[in-house]
Amino acid sequence: FLSIIVAGTDPYAIKEEWLFLVAIVGAVMFRDIKNLTRVLDITAAGLIIMGVYGIWQHFVGIDLYHGVLLDRMSFGFRAIGNFSTHLTFSGLFAVVSVFLVPVAFAAPRRNRKLYYLLASQIGLACTLFNYSRSTIVALTVGVVILLLLIGVRHRKWVVMVLLLTVAAGT
């Protein structure tokens, strides 16, 4: 916000920084557990929808949203989803994918656990299909931190799920 004021840029440029507004909305909405559950469900659904589109982009190489061909990589194409750059796409998917793993283990019902794990796996696959080294390094650091914070009982399952994702992506 300060950079908009100091640089004298267009005040409507905030629409490009909408992701930072999520923290403000989340602080208000997460007071009730029902709202938190709805937000997590919608986040997972969005990750699945955009992840399927990103996986499709990886194999087909066409960005329907921007109307361009994607960069050819060693195996497939560099997926960008509906974002303007591949780093934004892979960065968001890496963060949300790692975030959904402990959410899945804390979910009360089996169906919801599988739903969150499916969303996480699709997001991790999209991160790998993006071929962004910096995001993969950040994802690795995030997983290490997650394994240090999560309970010992769930560590073997988290490691197994993440290893299956990496194996599927390579």
Side-chain angles (χ1 to χ4, degrees), residues 17-23 25-27 29-30 35-60 63 65 70-71 73-170:
E17 307 297 333
W18 62 270
L19 196 55
F20 298 112
L21 297 176
V22 172
V25 173
M29 289 185 66
F30 295 159
N35 287 339
L36 176 61
T37 305
R38 285 186 200 128
V39 169
L40 291 174
D41 288 345
I42 291 169
T43 301
L47 193 74
I48 289 171
I49 292 168
M50 289 310 304
V52 168
Y53 179 57
I55 292 170
W56 180 83
Q57 280 182 338
H58 171 72
F59 290 109
V60 176
D63 182 8
Y65 185 74
L70 300 171
D71 297 335
M73 302 308 285
S74 60
F75 174 73
F77 297 88
R78 178 174 281 176
I80 63 171
N82 64 341
F83 293 89
S84 56
T85 65
H86 66 281
L87 290 175
T88 309
F89 175 73
S90 64
L92 176 71
F93 272 68
V95 169
V96 176
S97 297
V98 171
F99 170 73
L100 283 178
V101 172
V103 169
F105 287 110
R109 294 189 315 239
R110 182 178 168 92
N111 289 343
R112 190 154 285 177
K113 287 179 192 256
L114 293 175
Y115 174 63
Y116 292 145
L117 283 176
L118 173 69
S120 176
Q121 293 306 299
I122 289 174
L124 288 171
C126 284
T127 302
L128 295 175
F129 286 160
N130 193 271
Y131 299 102
S132 171
R133 292 182 306 242
S134 61
T135 308
I136 293 173
V137 168
L139 180 65
T140 306
V141 171
V143 168
V144 169
I145 292 171
L146 173 67
L147 290 175
L148 292 174
L149 295 176
I150 200 164
V152 176
R153 189 180 78 171
H154 296 302
R155 281 188 188 159
K156 64 181 177 184
W157 296 107
V158 172
V159 170
M160 183 180 72
V161 167
L162 295 173
L163 285 176
L164 286 173
T165 303
V166 171
T170 55

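Without hydrogens or angle criteria, Tyr115 side chain to Ala45 main chain gives a donor-acceptor distance under 3.5 Å. Without hydrogens or angle criteria, Gln57 side chain to Asp63 main chain gives no donor-acceptor distance under 3.5 Å. Judged by distance alone, the side chain of Asn130 and the main-chain N or O of His86 form a donor-acceptor pair under 3.5 Å.
Of all non-hydrogen atoms in Ala79 and Gly54, the two that sit nearest each other are CB-O, 3.2 Å. Nearest approach of Thr135 to Gly91, heavy atoms of both residues: CG2-N, 3.8 Å. Across Cys126 and Ile55, no two heavy atoms sit closer than the pair SG-CG1, 3.8 Å.
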Kindly determine whether Phe99 and Leu40 satisfy side-chain contact (heavy atoms from CB on, under 4.5 Å), including the steps that lead there.
CA-CA 10 Å; Phe99 170 73; Leu40 291 174; 3.5 Å; yes
Check the pair Phe59, Phe129 against ring pair (Phe, Tyr, Trp, His ring centres under 6.0 Å), reporting the backbone distance first and the verdict last.
CA-CA 9 Å; Phe59 290 109; Phe129 286 160; 5.6 Å; yes
Pair Phe93-Leu124, side-chain contact (heavy atoms from CB on, under 4.5 Å): steps then yes or no:
CA-CA 7 Å; Phe93 272 68; Leu124 288 171; over 6 Å; no
Please test His58 against Leu70 for side-chain contact (heavy atoms from CB on, under 4.5 Å), starting from the C-alpha separation and ending with a verdict.
CA-CA 8 Å; His58 171 72; Leu70 300 171; over 6 Å; no
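Using a 4.5 Å heavy-atom cutoff, the side chains of Ile122 and Leu47 are not in contact. The shortest distance between side-chain heavy atoms of Thr85 and Ile80 does not fall below 4.5 Å. Looking at heavy atoms from C-beta onward, Leu92 lies in side-chain contact with Phe83 at the 4.5 angstrom threshold. Side-chain atoms of Phe89 and Thr127, non-hydrogen and from C-beta on, never get closer than 4.5 Å to each other.
Trp56 and Tyr53 have parallel rings, their planes meeting at less than 30° on a 0 to 90° scale where 60° marks the start of perpendicular.
Centroid-to-centroid, the aromatic rings of Tyr131 and Phe75 stay 6.0 Å apart or farther.
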